[in-house]
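Written below as structure tokens is the structure these notes are about.
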Amino acid sequence: MKRLNFRYHLEIDFDIPVKEHRFTLKCIPYSNSVQQVESLKYNIVPNYFLCRTKDSFENESIYGSCDKEHNVFSVDVWGNLKTGLSEKIEMRTSYEADIYKYQTEHTKPGEELKKYSEELKKGYKKQFVKEDILKKAIFYMHRLYEDYTYESGITEITTTAEEAFKIGKGVCQDYSHILIALLRMERIPCRYVTGMMLGEGYSHAWIELCDGNFWIAIDPTNDLIVKDCHIRIAVGRDYKDCMINQGVFIGCGREAKQRQDISVTVEEIK
Amino acid sequence: MYTKNLCIYSDSVNELLARYGVKFGIYKDNTFHEQLFPFDMIPRVISAEEFAYIERGLKQRIKALNLFIEDIYHNKRIIHDKIIPEEFVYAGSGYLAQCEGVSPPRGIYTHIAGIDLVQAKDGTWYILEDNLRIPSGASYPMIARDLCRKCSPQTFRDNHLEDNRNYAKLLRKTFDYVNTEGHTVILTPGRYNAAYFEHSYLAEQTGAHLVNGHELTVEDDKLYFVDFSGKKERVGVVYRRISDEYLDPMNFKEESLIGIPHIYDVYRKGNVALINAPGNGVADDKGIYYFVPKMINYYLGEEAVLKNAPTYLPYYQEDLEYVLMHFDDLVIKDVAEAGGYGVFFGNKLENKAKESFKELIKAEPRRFIAQEVIDFRDIDIMEHGEFVPRKADLRAFVLMAEEPMVWKSGLTRFSRNPDSFIVNSSQGGGFKDTWVLSR
């Protein structure tokens, strides 16, 4: 168990003023069986109204608008949490995992991933006699960690699992989508998670899989089982369900270009 | 039937329909064509007794479908009790994960349903398709009846039939029952939509405002209509004639320009009714159709009053074998397509195409259903002053307020091509009024 302090900062700079900006933010960690939020504050500027809601994946969301012209939009969230309260995340309902067995547009495998899946299946059979969902997922994670290279700037947020796998290099989003695709090919329910990790940097992504009774979180980018260094923010079928920031706006005069800056700091409170 | 007096007005009624804008817009090869929706003066006539039977069957069906949708987005009992395999639900195109756990006002998902039926030569009625998303077509027999009455009032004095001009009243009742306080609006994507005539006509008939996406806005957790002076007024019901995917760029397709950002969040909080409820397409998937009689039994403990056309699911090994063996006798439908597209008659395919189609079915069994070709009863239409028989179906409309209500009329569509079974208006068919006799 750890106590963590976090600070999340997002800034979007538009090259020309924009108006009629509508946004949905899934940027708030919430309490469950593995983490407990002790304090939480946020500041979103500019805004005309802000509203809290929960989406269908039970993620805390904030939506709002800003109709007036603005060049900068920023989101700050900060607070303290206890993490690593348990190794397993309790299911809310017995059927909660059902929808996570099926591929989405982003995880749908193509030829390359199908081939890779066959290879992994054989590898697993050689090493283990019994079918065990968790063992299998960890085995696949180790293999992916060996076979895939971390490199940022190669893939984009819209890159699918198949495309990312073909390229052979990518970031946490790609690791997660690929592992999800592999597990769903065998109808193992698993979901995408966004959050933050101890240290400084960017937001992070990993996956959770369901063994029938609980959700277990594993982090394919770092090849580890999640314990108390991760802060969980949102879950969904793929990155699209849990985008930290999503918005529509109208550029004044022409289409606006935007530059996004995200910085995340997570420190242990001792 | 005394319809002779009526038939002589065919040209004038069709001319008036064209002037009122009863047209169908079709996108083909990236261009927009508007074509007239030809009206045939000879009505389809259904006896009071027969219609009472249809009505009973339709009410039962809609009740079950509504319970099914609620179940799917909440407890999923029907899946866990193994009545329907889960992949038919979750991998179907109509299922939307965004609807999980969301309850629409008063628990209604299928406010307006258009159920397609055909009558076989032996008189048996079969359900062909449930259209639950945005079924259109009620306005055509409404306006046609109105014009016919004006041309030949005598006809409607001589024949005792149910007045179908109450559709607007039923619709209003449906709106008011779920209203969360506020105005009622009909949301249209605009005049280039295939059913724009219907949007404007129904707005006029029900007294609802006809609006486009730019006139609606979300503030806090409410939806507002913004008038020309910038004044905002609360909206309680949106009869939206745009599909789920384009409804809200923040919750569905982000590239949608016709949608209203955050309207779905307001709906999720129970502060506006969306008609029909998003995600209800999970129940009108052609694959799910097969299971509707089982649903009726499961939720209501009753046998289905109206039969499905005999249907096979290649998903089941036994059915797959049957389909491959009796390929020539069957009509194969791609479950993801609508509007008469993706329908193949086994015996009309050439040998080579047939074989590759069979392979496709084996490879993607979940994607297809196969049905016996029902030899449906021809009804007469008038062509160049003569009566000729044509294939026709019936789209019946079921509206849901406190209880399901069946409109005592319907849209009868016919194929203008004597060899065709496909009657969809998007495929160039025509329509008739549907008379339900009152005694």
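Nothing here was measured: the structure is a model prediction, and the numbers come from that model. Order of the sequence lines fixes the chain letters, A, B, ..., with proteins taken first and strands second; residue numbering starts at 1 for each chain.
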- Residue selection (most heavy-atom pairs with chain B, distance under 4.5 Å) from E20(A), K54(A), Q103(A), E58(A): K54(A)

- Task: Apply salt bridge (charged side-chain N to carboxylate O under 4.0 Å, His left out) to E254(B) and list each qualifying residue two or more places apart in sequence or on a separate chain.
- Result: K240(A)

- Not counting sequence neighbours, which residues clear salt bridge (charged side-chain N to carboxylate O under 4.0 Å, His left out) with D67(A)? List them please.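 D67(A) satisfies salt bridge (charged side-chain N to carboxylate O under 4.0 Å, His left out) with R22(A) only.
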
- N-O pairing of E86(B) and K101(A) below 4.0 Å: yes

Heavy-atom donor-acceptor pair, [X] side chain to [Y] backbone, under 3.5 Å:
| X | Y | value |
| --- | --- | --- |
| Y95(B) | I99(A) | no |
| H80(B) | S94(A) | no |
| Y90(B) | Y100(A) | no |

Is it true that, when you exclude [X] itself, more than 12 heavy atoms of the residues, nucleotides or ligands shown sit nearer than 6.0 Å to its [atom1]?
| X | atom1 | result |
| --- | --- | --- |
| E156(A) | CD | no |
| K294(B) | NZ | no |
| K108(A) | NZ | no |
| L257(B) | CG | no |
| K63(B) | NZ | no |
| E181(B) | CD | no |

- What pair of heavy atoms forms the shortest contact from S56(A) to R268(B), and how long is it? OG-NH1, 3.1 Å

- Task: Determine the minimum heavy-atom distance between D220(B) and Y63(A), stating which atoms define it.
- Result: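 What the structure gives for the nearest pair is O-OH, 3.1 Å.
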
Spacing of [X] atom [atom1] and [Y] atom [atom2] [to the nearest 0.5 Å]:
| X | Y | atom1 | atom2 | answer |
| --- | --- | --- | --- | --- |
| D98(A) | E100(B) | CG | CD | 8.5 Å |
| E96(A) | K76(B) | CD | NZ | 10.0 Å |
| N251(B) | D55(A) | CG | CG | 8.5 Å |

- Item | Segment of Y73(B) engaging chain A (4.5 angstrom heavy-atom cut-off) | neither

- Query: Which bit of V89(B) comes within less than 4.5 Å of chain A, counting heavy atoms only: side chain, backbone, both or neither?
  - Reply: neither

- Item | Proximity of residues 43-52 of chain A to chain B, residues having a non-hydrogen atom under 4.5 angstrom |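 If one takes a 4.5 Å heavy-atom cut-off, the residues of residues 43-52 of chain A near chain B are Y48(A), F49(A), L50(A), C51(A), R52(A).
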
- Message: Within residues 244-261 of chain A, which residues come under 4.5 Å of chain B, heavy atom to heavy atom?
- Response: Q246(A), G247(A), V248(A)

- Which atoms of Y95(A) approach chain B - backbone, side chain, both or neither, heavy atom under 4.5 Å: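 Backbone plus side chain of Y95(A), per the 4.5 Å heavy-atom cut-off to chain B.
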
- Go through the atoms of T24(A) and report whether side chain, backbone, both or neither lie under 4.5 Å from a heavy atom of chain B.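 Both the backbone and the side chain of T24(A) come within 4.5 Å of chain B.
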
- Taking C99(B), A91(B), A97(B) one by one, which has the highest count of heavy-atom pairs under 4.5 Å against chain A?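 Maximum pair count with chain A is reached by A97(B).
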
